[in-house]
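Everything numeric in this text was worked out from a predicted model, so none of it was measured. By convention here, the first residue in the shown sequence is residue 1. For the numbers below, each heavy atom of this structure counts, side chains included, while hydrogens, waters and symmetry mates do not.
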Amino acid sequence: MKKKVTLLIAVFVVFLMVFGNPSKGFAVEQYTINLSDSNVEKFYDEEQGAVIAPFKASEHGLVPVSKDEYEKTTEIKENEDLENEFVVSEESNDELEFKPYADVDLRYWRYKEKSATKYYGDPIKVSATIKCTTSSCRVDKQTQATVSKSYSVNASSEIQAINYGASFNFTSAKSYSTTYSFTLKKGQSGYIAFKPYKRKSTGTLTQYSTMHGKISSKSAYGRSAIKMKTGEADGYYTFVFTKK
């Protein structure tokens, strides 16, 4: 009898795993975008040097964005030089602690913010490029884009000073882990890109000495990802059409 009960429970659990959440079964369809849909607006983007179709991530999947909306929200330009900046991936909540002593010359940095701006960063390629040679093809988002904290300085004491003096908290984030799919017609080609939404703090770092006062100062800045309520990176997804 016990064996029969155990078997029935096991069958019931498997049934729930397969059929218990019907909405989950429709999630893949929900995140498949037909680029031939009349609601998907396509236009030439000077930044990417190609025709694009932009989308915003939402709880219902990717939502098409008009040319006017996309251009208006991305009109603030920022020349990023991430290859020459210092990236900090790990979250840190360290705060500056100054413990001056009369007979010891301690040196430390303070940061005064001059401006804080929001902007859309450089696009990050998150899929392979595909050329459709059949009646229809599909391109899937394969990579999670990482939007890391980055700074114009690399000394930990200077980075801590920027974190402490900026008007917002610096953070890193990843783009959606959901696999979005785009369908192409024969003859079309392209790839998926993610354009992250970011903050930048620009200001002055000043070094002080407990014995000699102000020693030196220099310009500095830091960049941070902007997160959505889900904790994932905010930004646009764009399908970038490449030349045939």
Side-chain angles (χ1 to χ4, degrees), residues 27-83 85 87 116-130 137-150 168 170-184 188-201 222-243:
V28 175
E29 293 299 324
Q30 197 175 37
Y31 299 135
T32 299
I33 300 97
N34 185 352
L35 292 169
S36 299
D37 191 315
S38 59
N39 292 320
V40 177
E41 192 169 345
K42 308 173 190 68
F43 53 89
Y44 183 81
D45 179 48
E46 291 186 2
E47 179 187 33
Q48 300 189 61
V51 173
I52 67 169
F55 301 83
K56 257 291 192 182
S58 75
E59 59 182 2
H60 303 298
L62 294 186
V63 179
V65 175
S66 69
K67 177 182 179 181
D68 289 343
E69 180 181 345
Y70 180 82
E71 292 184 343
K72 183 178 180 180
T73 55
T74 60
E75 64 183 357
I76 298 176
K77 304 297 182 183
E78 175 66 37
N79 292 322
E80 293 191 314
D81 188 18
L82 300 181
E83 290 184 0
E85 293 178 12
V87 173
T117 57
K118 293 181 180 180
Y119 69 99
Y120 283 90
D122 295 339
I124 303 168
K125 190 175 180 181
V126 293
S127 81
T129 301
I130 187 172
C137 304
R138 193 180 80 176
V139 182
D140 297 330
K141 181 181 75 65
Q142 301 163 325
T143 307
Q144 252 191 301
T146 300
V147 187
S148 301
K149 298 179 289 186
S150 62
F168 56 86
F170 284 80
T171 185
S172 298
K174 288 183 177 291
S175 63
Y176 274 71
S177 57
T178 306
T179 300
Y180 295 117
S181 302
F182 293 79
T183 56
L184 301 172
Q188 292 181 321
S189 60
Y191 60 89
I192 305 167
F194 178 70
K195 190 173 178 62
Y197 197 27
K198 294 183 175 183
R199 285 190 178 95
K200 181 182 180 182
S201 173
R223 306 183 196 273
S224 171
I226 295 179
K227 290 184 178 182
M228 302 182 72
K229 291 181 179 179
T230 58
E232 294 169 299
D234 195 0
Y236 283 110
Y237 282 96
T238 61
F239 188 88
V240 183
F241 291 90
T242 55
K243 294 181 180 179

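In this structure Glu78 satisfies the side-chain contact (heavy atoms from CB on, under 4.5 Å) test together with Glu80, Tyr119, Lys200, Arg223, sequence neighbours excluded. Listed by chain and residue number, Tyr111, Glu113 satisfy the side-chain hydrogen bond (donor to acceptor under 3.5 Å, both in side chains) test with Ser201 (two or more places apart in sequence, or in another chain). Judged as a ring-ring contact (aromatic ring centres under 6.0 Å, His included), and not counting sequence neighbours, the contacts of Tyr120 are Tyr197, Tyr236. Here Thr143 pairs with Val126 under the side-chain contact (heavy atoms from CB on, under 4.5 Å) rule; sequence neighbours left out.
The minimum heavy-atom distance linking Ala233 with Phe194 is given by the pair O-CZ, 3.8 Å. Among all heavy-atom pairs drawn from Val147 and Lys198, the shortest one is CG1-CE, 3.6 Å. Here the closest non-hydrogen pair linking Ser127 and Lys141 is CB-CA, 4.3 Å.
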Requested in this report: Kindly indicate, with the supporting measurements, whether the criterion salt bridge (charged side-chain N to carboxylate O under 4.0 Å, His left out) is fulfilled by Asp45 and Lys67.
Outcome: CA-CA 9 Å; Asp45 179 48; Lys67 177 182 179 181; over 6 Å; no
Report task. Show your reasoning for whether side-chain contact (heavy atoms from CB on, under 4.5 Å) applies to Val139 and Ile192. Result -> CA-CA 8 Å; Val139 182; Ile192 305 167; 4.0 Å; yes
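In this structure the side chain of Ile76 never reaches within 4.5 angstrom of the side chain of Lys118, judged on heavy atoms. Residues Asn34 and Val40 fail the side-chain proximity criterion, which asks for heavy atoms closer than 4.5 Å.
Atom CZ of Arg199 is separated from atom OG1 of Thr117 by 10.5 Å, given to the nearest 0.5 angstrom. For the atom pair OG1 of Thr238 and OH of Tyr191, the computed distance is 7.0 Å after rounding to the nearest 0.5 Å. Leu35 contributes atom CG, which lies 11.5 Å from atom SG of Cys137 (distance to the nearest 0.5 angstrom). In this structure, Ile124 CD1 and Tyr237 OH are separated by 9.5 Å, a value rounded to the nearest 0.5 Å.
The ring-ring contact (aromatic ring centres under 6.0 Å, His included) analysis of residues 32-51, with sequence neighbours excluded, yields the pairs Phe43-Tyr70.
Within 6.0 Å of atom NZ in Lys229, 12 or fewer heavy atoms from other residues, nucleotides or ligands are found, so the atom counts as exposed in its surroundings.
The cationic group of Lys149 does not satisfy the cation-pi geometry with Phe170, failing either the under 6.0 Å distance to the six-membered ring centre or the 45° limit from the ring axis.
Using a distance-only test at 3.5 Å, with no hydrogens or angles considered, a donor-acceptor pair links the side chain of Gln144 to the main chain of Ser175.
Under 4.0 Å is where a charged nitrogen must lie from a carboxylate oxygen, and between Lys56 and Asp234 at least one such pair does.
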Considering only distance and modelled atom types, tabulate donor-acceptor pairs under 3.5 Å from the side chains of residues 46-55, sequence neighbours left out.
unit_1, atom_1, unit_2, atom_2, d
Glu47, OE1, Lys195, NZ, 2.7
Glu47, OE2, Lys195, NZ, 2.9

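Checked against a 6.0 Å centroid threshold, the rings of Tyr180 and Phe182 do not count as neighbours.
There is a side-chain donor-acceptor pair under 3.5 Å between Thr242 and Ser189.
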